[in-house]
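Order of the sequence lines sets the chain letters (A, B, ...), proteins ahead of strands, with each chain counted from 1.
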There are 2 protein chains.
Amino acid sequence: MVSKVNSREKILQTASRLFQLQGYHGTGLNQIIKESGLPKGSLYHHFPNGKEELAIEAVQYTSKFIEENLQKLMNEKEGPVEAIQAFIRDTASQFDNLEDIKGIPVGLLASETALISEPLRNACMQAFKNWQMIIAKKLIQNGYEKEEATKKGLLVNSMIGGGIMHSLTSKDKTPLLVIMEVIPLLIEKKG
Amino acid sequence: MVSKVNSREKILQTASRLFQLQGYHGTGLNQIIKESGLPKGSLYHHFPNGKEELAIEAVQYTSKFIEENLQKLMNEKEGPVEAIQAFIRDTASQFDNLEDIKGIPVGLLASETALISEPLRNACMQAFKNWQMIIAKKLIQNGYEKEEATKKGLLVNSMIGGGIMHSLTSKDKTPLLVIMEVIPLLIEKKG
DNA sequence: GTCTATATTCAGATAGAC
DNA sequence: GTCTATCTGAATATAGAC
């Protein structure tokens with residue numbers, strides 16, 4: 001059925017948005033079905049194992065979206081510094097209008113569930129690793145050794161996560177912009 | 001009454017720990033009273049406005065604790081780089097034994113509530129600002145201009161927040177240690 | 001003033017009508 | 001197979017006994 005794939009996609013889309021904004025415990029299944037316009041039976045049809053299963057798939061859904069954006073910038077920009085700075089600038093721009101805030105890609109959910117759900121923790125960790133790898137690959141293409149590139153990928157990832165957290169709390173993009181500014185100090189030119 | 005101040009302190013202590021570990025929505029008042037060993041009436045006696053009021057005070061309680069630790073390191077160490085690195089090393093050490101994980105000082109709660117509670121958001125923002133100021137003050141003492149020092153304080157703060165988040169998710173202190181390593185690149189010597 | 005028992009709402013989940 | 005009505009437990013909060 002066409003309606004079936006659309007229902008599933010619709011639920012994932014809504015769930016991903018709400019989990020990013022409100023977190024795992026802050027988002028109820030009732031809210032997800034209400035905003036997606038689908039009945040509760042549909043949710044449990046597509047995700048028979050309930051909330052945890054839905055959250056894992058929502059994390060992967062969010063992760064893919066970020067991966068595509070990040071990869072696109074890596075392809076467009078000449079060097080890694082420009083690409084990373086462009087990504088941070090795009091992320092920061094959502095704080096220009098407070099209604100545009102999209103949440104923390106998966107960091108909020110990760111922090112909430114790291115100690116209570118191994119499957120969810122693993123899903124979040126995988127998302128982090130994928131983003132890290134995209135950054136590292138670009139660095140390797142630009143003359144970095146693999147080990148150093150991996151480390152810098154982790155560093156940039158952590159910094160952005162913290163920057164979003166602080167920008168969200170202060171409702172001000174300055175924390176992200178300050179991080180963007182120091183990227184050249186951390187990612188020096190090679191070759 | 002002696003029991004009164006002790007009850008209040010006991011509740012705050014328990015609540016601070018649980019909010020850091022489990023977040024705002026993940027921590028129930030029932031759990032707080034159960035672990036603190038006090039009846040629910042006592043909680044509502046000391047915090048008549050309920051969970052939100054308790055969380056605000058818990059954030060301030062946590063913040064003070066961090067402030068003291070941070071200030072102590074600033075006093076002990078000669079330069080800001082050493083002091084900041086020592087703070088990150090201490091923070092990272094809690095990931096040596098997974099049972100020792102103490103949570104995210106206020107970052108999890110901040111991320112959860114930034115969009116739903118202005119009083120809580122302000123309490124978290126104030127905590128961030130206090131830590132930022134302690135770092136900035138040390139930098140000024142070491143030759144930094146005020147504006148630059150404030151900016152670096154924000155930067156270090158954001159990085160540590162992201163580092164804790166990633167270390168928590170990966171149950172591995174590496175993210176924090178990588179951040180610790182690059183501090184000298186960001187805080188250069190002055191004068 | 002300290003504590004217990006209860007009210008009320010809403011969460012996640014399910015059973016069953018159609 | 002799709003959707004509705006409902007179950008069960010836990011959440012915050014309150015009322016009132018002692």
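- One distance of note links CD of Glu35(A) with NZ of Lys10(A); it measures 10.0 Å at 0.5 Å rounding.
- Residues Gln31(B) and Gln22(B) form a side-chain contact, since some pair of their non-hydrogen atoms from C-beta on lies under 4.5 Å apart.
- Per the geometry, CD1 belonging to Ile33(A) stands 12 Å off C1' belonging to dA5(D), to the nearest Å.
- Using a 4.5 Å heavy-atom cutoff, the side chains of Asn130(B) and Lys64(B) are not in contact.
- A close approach under 4.0 Å does occur between a side-chain nitrogen or oxygen of His45(B) and OP1 or OP2 of dT2(C).
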Next on the checklist: How would you summarise protein contacts on nucleotides 8-14 of chain D per nucleotide, using B for base, S for sugar-phosphate only and - for none, with heavy-atom distances below 4.0 Å?
Outcome noted: ---SBBB
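- Going from atom CG of Leu43(B) over to atom C1' of dT2(C) covers 13 Å, rounded to whole Å.
- Between Ile32(A) atom CD1 and dC10(C) atom C1' the separation is 15 Å, expressed in whole Å.
- Taking atom NZ of Lys34(B) as the reference point, atom C1' of dC3(C) lies 18 Å away to the nearest angstrom.
- The side chain to side chain contact (heavy atoms under 4.5 Å, CB included) check on Lys51(B) picks up Phe19(B), Tyr24(B), Leu29(B), with sequence neighbours excluded.
- Atom-to-atom, CZ of Phe47(A) to P of dT14(C) comes out at 16 Å; the value is rounded to the nearest Å.
- Counting non-hydrogen atoms of other residues, nucleotides and ligands closer than 6.0 Å to NZ of Lys34(A) gives a total of 12 or fewer.
- Taking all atoms of both residues into account, the shortest heavy-atom contact from Leu168(A) to Ala114(B) is O-CB, 3.6 Å.
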